[in-house]
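As structure tokens, the structure follows; a few thoughts come after it.
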Protein chains: 2
Amino acid sequence: MQTNAQVSAQGNGDPSTQQLIASLVAEGVLTDPESPRGRLLHAAARLFEQKGFARTTVREIAAEVGILSGSIFHHFASKEDILCTVMQEVTVYARARMAHAVAAAESPREKLRACIVCELEAIHGLAVPGFSILVVEWRSLSPDSQKKVLRLRDEYEQIWLDTIAGAHCPGDEPALVRRLLVGALSHTYSWFKPRGRGLSLSDLADRVLLIFAPQ
Amino acid sequence: MQTNAQVSAQGNGDPSTQQLIASLVAEGVLTDPESPRGRLLHAAARLFEQKGFARTTVREIAAEVGILSGSIFHHFASKEDILCTVMQEVTVYARARMAHAVAAAESPREKLRACIVCELEAIHGLAVPGFSILVVEWRSLSPDSQKKVLRLRDEYEQIWLDTIAGAHCPGDEPALVRRLLVGALSHTYSWFKPRGRGLSLSDLADRVLLIFAPQ
DNA sequence: TTGAATACCAAGCGCTTGCTTGGTAGCGTT
DNA sequence: AACGCTACCAAGCAAGCGCTTGGTATTCAA
């Protein structure tokens, strides 16, 4: 494992990102983004994020990759299957990315900051395309599909809980802090613009850290 | 104004709640809940909250009040018009309720706590049926409809901002605190159960206050 | 007694939706 | 050359959707 490679916020182009994706594809937990199935998943994620699941049609997803709507069902059992797969792969990738960032940080407080930055980058489309779908479209999933995603989500949340526990936040209730934090961070999606001239993402992370882990 | 009538969390049955509604109806800013239009709005709010806007059909809303689907369009121009009206009336009512609670509290810190409790009660369906729709279904609204609701929403938010400014939260940035707070509180919808045997709503409000306004 | 307004029904139109079916082109393997 | 696999097309079905239209029952004021 390369210790000096802190995951950057510059998107999907840089080498360390591609390396992470490649290793996850090799593990079999991520679909190859170059494959037809992979390209469909990316197109669907983009559309679901942009317009929402219910307002996105399978015809639009198909058109995005240049095939007809019927051909989608060669790769997925149903429209919901697409959403479920997107959510699973997004979760797997986000988890791997955050684990990487936490391992690279040194102090407990820096580790917590790394988590915050990671999730903010994910929410704002700087690092994990489709991440916001996990929050917004949760109810569009059937109970069975929810269980599948939840199993992966638990692994993601465990990193958070361990990190919060290490940082000694007020009240010493990591689960509660995480719950308030995930809400606060998710909601930044609807007001924070990382490319604006005001608050930067790094500034925002500092402000959040100041409130949830003062000292 | 009756100063001793703190708005309770017991739902829609108690006298002070009915009095508040009646006065808003008299002002013309709320539809009479007994009227056909009012009953449709309540049914729609319930269904939108339960199943989401896209997954609720006008036929279901109509059936809920015992009429046929076509008859709905005697009262509303479109399905979206129903959603927009629901959101407007929910906002008006929530604002009135919170203004009342803030006025009844004495210290700045207690006023902030009153806001937190008010919004938690609203989110968890204890006081303002349909409140969660404002958060979850925002994107289901056309830009024009969004503007209409936003104008009312601003009045609601102003109460929050003034109250936060008075309580001197860390960083002294009321707008930022409110933004993190609204996310944290909204998200409690997906994990906090006010009727459970664990944390009570009042306990939760205390914990939130401890983090966002320590002292 | 008339007329307007309100609230609703009965029927169905036009459109979109997710998804199915039967078939084909290209490609690597044997 | 024959096979099988992957990826896709062409056509369309069945169902559900929001919404329209023309008409009726009831109520209440003039």
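Within every chain, numbering begins at 1; the chains are lettered A, B, ... in the order of the sequence lines, protein sequences first and strands thereafter.
Put simply, CD1 on B:I72 is 13 Å from C1' on C:dA7, counting in whole angstrom units. Rounded to a whole Å, the CZ atom of A:F76 is 12 Å from the P atom of C:dC19. Computed from coordinates, the A:D81 CG to C:dC19 C1' distance equals 13 Å when rounded to whole Å. For A:I67 and C:dA25, the CD1 to C1' distance is 16 Å, given to the nearest whole Å. In this structure, A:E60 places its CD atom 13 Å from C1' of C:dG18, rounding to the nearest Å. Here C:dA7 presents its P atom at 11 Å from CZ of B:R39, a figure rounded to the nearest Å. Here the C1' atom of nucleotide C:dG18 and the CG atom of A:L68 are 15 Å apart, to the nearest Å. The nearest whole Å value for the distance from the NZ atom in A:K79 to the P atom in C:dT17 is 9 Å.
A donor-acceptor pair under 3.5 Å is formed between the side chain of B:R37 and the backbone N or O of B:H75. The backbone N or O of A:T31 sits less than 3.5 Å from a side-chain atom of A:E89, completing a donor-acceptor pair. A donor-acceptor pair is defined here as one N or O able to donate and one able to accept, closer than 3.5 Å; no such pair exists between the side chain of B:K51 and the backbone of B:T56. Judged by distance alone, the side chain of A:K79 and the main-chain N or O of A:F53 form a donor-acceptor pair under 3.5 Å.
Backbone-only engagement by A:T56 is indicated by non-hydrogen atom pairs under 4.0 Å involving sugar-phosphate atoms exclusively. At a threshold of 4.0 angstrom between heavy atoms, the contacts of B:S71 include nucleobase atoms, whether or not backbone atoms are also involved. Residue contacts shown for B:S78 are limited to sugar-phosphate atoms, with no base heavy atom under 4.0 Å away.
Between B:T188 and the choices B:E119, B:H124, B:K193, the side-chain hydrogen bond (donor to acceptor under 3.5 Å, both in side chains) rule is met once, by B:H124.
Aromatic ring pairs are classed by plane angle as parallel below 30°, tilted from 30° to 60° and perpendicular above 60°; the pair A:F212 and B:F212 is perpendicular.
Judged by closest nucleotide on DNA chain C, A:R55 is the one of A:H74 and A:R55 placed further toward the 5' end. A residue-by-residue look at B:S69 and B:R37 shows that B:R37 has its nearest nucleotide of DNA chain C further toward the 5' end.
Among residues at least two apart or in separate chains, salt bridge (charged side-chain N to carboxylate O under 4.0 Å, His left out) pairs with a member in residues 63-78 of chain B are B:R46-B:E64.
Reading DNA chain D from its 5' end, the first and the last nucleotide to sit under 4.0 Å from a heavy atom of chain B are D:dC17 to D:dT20.
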